[in-house]
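What follows is a set of notes on a single structure, which appears directly below.
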Amino acid sequence: MKTRTIGRGLVGLTVVSALALAGCSSDTTEPEEEHAEPEGVELVMSGQVIASYDGDTQRWTGEMEVDVGEETPHISVRFIDHDGDAIPLDDDLYLEVDVEDESIAEFEQDTPGEFGGHLHGHMEGETDVTFKLMHGEVGSGHADFVTMPVHAHVHEHM
């Protein structure tokens, strides 16, 4: 009887050891590549930064402006790292823009999810605009980074 118990123990130990070694030696996957996390946002129009967002302080410097009945030139939205450098964005990331009061202004993207668009002025006033870095399919993803709102001023055309 003792021989059978010892034999079973050795077989069990051999199987467990083989599985452990196989698990260690057959791991051929490469380590997952780390991506820079956004720490801020820059709104760039005609080559100039018109507003920037600092994720640490959660504050904007600058604002968005447009006249009633007009639209801005294309505004590029850049997500940046702690050094102010644009971070590379994967294909499964997209931009979502929320305008608090679309009767005052609207942010139109030429292509849904693109990292930019035009601010259209509908009527004089001020509204807030929030930028979200989304992950997943356009329209059904989840937010990876969300700014505090930036002011958008719509001025009466003179």
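Bear in mind that the values here come from a model prediction, so they are computed numbers and not experimental data.
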**Study point:** With sequence neighbours excluded, residues passing side-chain contact (heavy atoms from CB on, under 4.5 Å) with T111
**Key:** E114

Review point. Do F115 and W60 belong together in a cluster built from hydrophobic side chains that touch within less than 4.5 Å?
Key: yes

Practice item. Mind checking side chain to side chain donor-acceptor pair (under 3.5 Å) for E70 and listing every partner two or more places apart, or none if nothing turns up? Key: none

Point to revise | Exercise: identify the closest heavy-atom pair between V150 and G62 | key: CG2-O, 3.8 Å

Check your understanding: Within the distance-only criterion (no hydrogens, no angle test), does the side chain of D83 pair as donor or acceptor with the backbone N or O of D85 below 3.5 angstrom?
Key -> no

Practice item. Supply the atom-to-atom distance T72 OG1 to E108 CD, rounded to the nearest 0.5 angstrom. Key: 10.0 Å

Check your understanding: Considering residues at least two apart in sequence or located in another chain, which fulfil the salt bridge (charged side-chain N to carboxylate O under 4.0 Å, His left out) criterion with E65?
Key -> none

Check your understanding: With the 4.5 Å side-chain cut-off for hydrophobic clustering, are L95 and I80 part of the same group?
Key -> no

Review point. CD of E39 to CD1 of I87: how many Å apart, nearest 0.5 Å?
Key: 9.0 Å

Review point. With sequence neighbours left out, what residues match E42 under salt bridge (charged side-chain N to carboxylate O under 4.0 Å, His left out)?
Key: R78

Revision key, fill the gap. Sorted by chain and number, sequence neighbours left out, side-chain contact (heavy atoms from CB on, under 4.5 Å) with A152 holds for M64, L119, T127, V129

Point to revise | Which residues share a side-chain contact (heavy atoms from CB on, under 4.5 Å) with S76, sequence neighbours left out | key: V44, H74

**Study point:** By side-chain contact (heavy atoms from CB on, under 4.5 Å) - contacts of E137 (at least two apart)
**Key:** S140

Point to revise | Residues in side chain to side chain donor-acceptor pair (under 3.5 Å) contact with E102, at least two apart in sequence or another chain | key: none

Practice item. Could you list all the salt bridge (Lys or Arg N to Asp or Glu O under 4.0 Å) pairs where at least one residue sits in residues 138-148, not counting sequence neighbours? Key: none

Check your understanding: Can V49 be reached from I75 by stepping across I, L, V, M, F, W or Y side chains whose heavy atoms are under 4.5 Å apart?
Key -> no

Practice item. Look at the side-chain heavy atoms of Ile, Leu, Val, Met, Phe, Trp and Tyr, link any pair under 4.5 Å apart, and say whether Y53 and M45 land in one connected group. Key: yes

Revision key, fill the gap. Output for pair (H118 NE2, D110 CG), nearest 0.5 Å, gives 4.0 Å

Point to revise | H151/E126 under side-chain hydrogen bond (donor to acceptor under 3.5 Å, both in side chains): CA gap, chis, key distance, verdict | key: CA-CA 7 Å; H151 296 299; E126 181 180 306; 3.0 Å; yes

Point to revise | Results of salt bridge (charged side-chain N to carboxylate O under 4.0 Å, His left out) for D98 - residues two or more places apart only | key: K132

Check your understanding: For the atom pair CG (L93) and CE (M134), what is the distance rounded to the nearest 0.5 Å?
Key -> 10.5 Å

Review point. Residues in side chain to side chain donor-acceptor pair (under 3.5 Å) with E106, at least two apart?
Key: H122

**Study point:** Sequence-distant partners of E124, side chain to side chain donor-acceptor pair (under 3.5 Å), two or more places apart
**Key:** none

Exercise for review: Fit a plane to each ring of H142 and H135, take the angle between them on a 0 to 90° scale, and name the class: parallel (under 30°), tilted (30 to 60°) or perpendicular (over 60°).
Suggested key: perpendicular

Check your understanding: Of the non-hydrogen atoms in V99 and A105, which two are nearest, and what is the gap between them?
Key -> CG1-O, 3.2 Å

Check your understanding: Shared ILVMFWY cluster between L133 and V146, side chains joined below 4.5 angstrom?
Key -> no

Check your understanding: What about the rings of F131 and F79, do their centers lie closer together than 6.0 Å?
Key -> no

